[in-house]
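Just the heavy atoms: all of them, side chains too, but no hydrogens, waters or symmetry mates, feed the values below.
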Amino acid sequence: MKRFARTLRFALALALAGAGVAGCAKKEEGTRTLQFWTIGREGEAVAKLLPEFEREHPGLHVEVQQLPLTAAHQKLLTAYAGDSTPDITQLGNTWIPEMVALGALEPLDARVAASKVVDPKDYFAAIWATNVIDGRLYGVPWYVDTRLLFYRKDLLAKVGYDHPPRDWAEWRAMMAKLSQPPGKAYGVLLPTNEFEQLLALALQSDDPLLRDDGRYGNFRSPGFKKALAFYVSLFKDQQAPMMTNVGIGNPWAAFGQGFFAFYLSGPWNIGEFRQRLPKEQQGDWGTTPLPGPTGPGASNAGGSSLVIFRRSQHKDDAWALIEFLSRPAIQARFYEILGDMPPRRSSWEIPALKNDDKAAAFRYQLERVKPTPPVAEWERIVTEMQLVAAQAAHGDLTIDQAAEEIDRRADRLLEKRRWMLDHGKKATP
């Protein structure tokens, strides 16, 4: 999920468990109440759409609860353990495997097959695939997130390029020219405490990141080691600063000042750069799909989906809300309110997206995204991946040593999954 990160505090979750409830209208006596949990700003935006849904469904009231981003994951687990889950929730698509492993979610295959609104063929294929676990569908994509390059067109022009990079070799050549003087300017910003950038590079390979049905890490594969070597070389050659996202402080100002020319990030930064850079610089930057080793590259299939909990007593009403929020016209309004990009191709026909040159690169990239391995342990695995990659970037580990260590840590995290699968039981977190 976009901006789902990844610091989860149990105490905070409990403290905030009852906070943030906001119904979209005053509940009238005799109405049915549908509990809908959202995460972050999405709750504020969806509340503006729900009065129309309630008018279409007399007698049905939607009660929205906004979960703080840092507490959402634990709040959902706590609610499941306490048999107090809502009817419907927004769920980051990397969290779906965990909830499916718990048996918490309702399969949606039959409802989609009968729906006149939700058309799987209209969705970006890899985004849809993140909701399919062991051949069954458990969520419907609500909005999408992926990573690509924000870049300074004017700085590229100064070093002789009138186009963004088309493969890794050209990208490296550009960054070498842009990283002058050494230690004062850099080609790219890759915060060393964020896993998303290395993950996007790793997804360029045809080698899977896990092997044997998700039982073991596959980070010693040639494809991952090639991505890791490329990533590490950018720090070694001073084409990326050895900084965390805390160290960089204000990346938007640094981008505008020319401290770095490329920024591997997501769609929310379109709005940030438009707001934070001065008017005279708005023509100096653009977005472009990620280059791959030999041509157009893949990226991550991120985003958030809508799911129904098995324990819901209002599953038909919950599905009606999912269908409502899946209408292209409603998705278009949701984008205009919040800026979350829609998962349906037809929703991209609205002028606000179709005529936006900064959004166009995301539309292209979304046809070239890949889902991450559908295992409950995935976010812990990529956190360990980045910790080891940072050691390699500092020169403490070779590429082979780092790949072996990431595999070792992944295998340890997957130990319970292996035991469950090998004993014919359903893997649980």
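Atoms CD and CG, from Q90 and L325 in turn, are 10.5 Å apart once rounded to the nearest 0.5 Å.
Closest approach of F219 and M385 over heavy atoms only: CE2-SD, 4.1 Å. Between I350 and A332, the closest heavy-atom pair is CG2-CB, 3.3 Å. When all heavy atoms are compared, the tightest approach of P342 to Q331 is CB-OE1, 3.5 Å. Of all non-hydrogen atoms in Q386 and P191, the two that sit nearest each other are NE2-O, 4.4 Å.
Using a 30° and 60° split on the angle between ring planes, Y231 and F235 fall in the perpendicular class, above 60°. Using a 30° and 60° split on the angle between ring planes, F262 and W171 fall in the perpendicular class, above 60°.
A donor-acceptor pair under 3.5 Å links the side-chain atoms of K370 to the main chain of L203, judged by distance alone.
Within the 4.5 Å cutoff, side-chain heavy atoms of F260 are placed close to those of F255.
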Assess the residue pair N93 and S305 against the criterion (side chain to side chain donor-acceptor pair (under 3.5 Å)); give the C-alpha distance rounded to whole Å, side-chain angles, the decisive distance to 0.1 Å, and a yes or no. CA-CA 6 Å; N93 56 21; S305 298; 5.2 Å; no
Verdict with supporting geometry, R32 and D317, salt bridge (Lys or Arg N to Asp or Glu O under 4.0 Å): CA-CA 9 Å; R32 304 186 307 281; D317 292 333; 2.8 Å; yes
Carefully, step by step, assess Y151 and Y263 under the rule ring-ring contact (aromatic ring centres under 6.0 Å, His included). CA-CA 6 Å; Y151 72 105; Y263 188 27; over 10 Å; no
Assess whether side chain to side chain donor-acceptor pair (under 3.5 Å) is satisfied between W252 and N269, documenting all intermediate values. CA-CA 9 Å; W252 308 282; N269 265 320; 2.7 Å; yes
The test is side chain to side chain donor-acceptor pair (under 3.5 Å); show your working for E323 and S115 and say whether it passes. CA-CA 8 Å; E323 287 194 309; S115 178; 2.5 Å; yes
E379 vs T94, test: side chain to side chain donor-acceptor pair (under 3.5 Å). Steps then yes/no. CA-CA 7 Å; E379 289 201 0; T94 58; 2.6 Å; yes
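Checked against ring-ring contact (aromatic ring centres under 6.0 Å, His included), F362 has no partners two or more places apart in sequence or in another chain. The ring-ring contact (aromatic ring centres under 6.0 Å, His included) search around W285 returns F273, not counting sequence neighbours.
A cation-pi contact, defined as under 6.0 Å to the ring centre and within 45° of the axis, links R311 to Y80. Both the sub-6.0 Å distance and the 45° axial angle are not jointly satisfied by K121 relative to the ring of W128.
Of the residues V307, I39, L306, N131, the one that meets the side-chain contact (heavy atoms from CB on, under 4.5 Å) test with L91 is V307.
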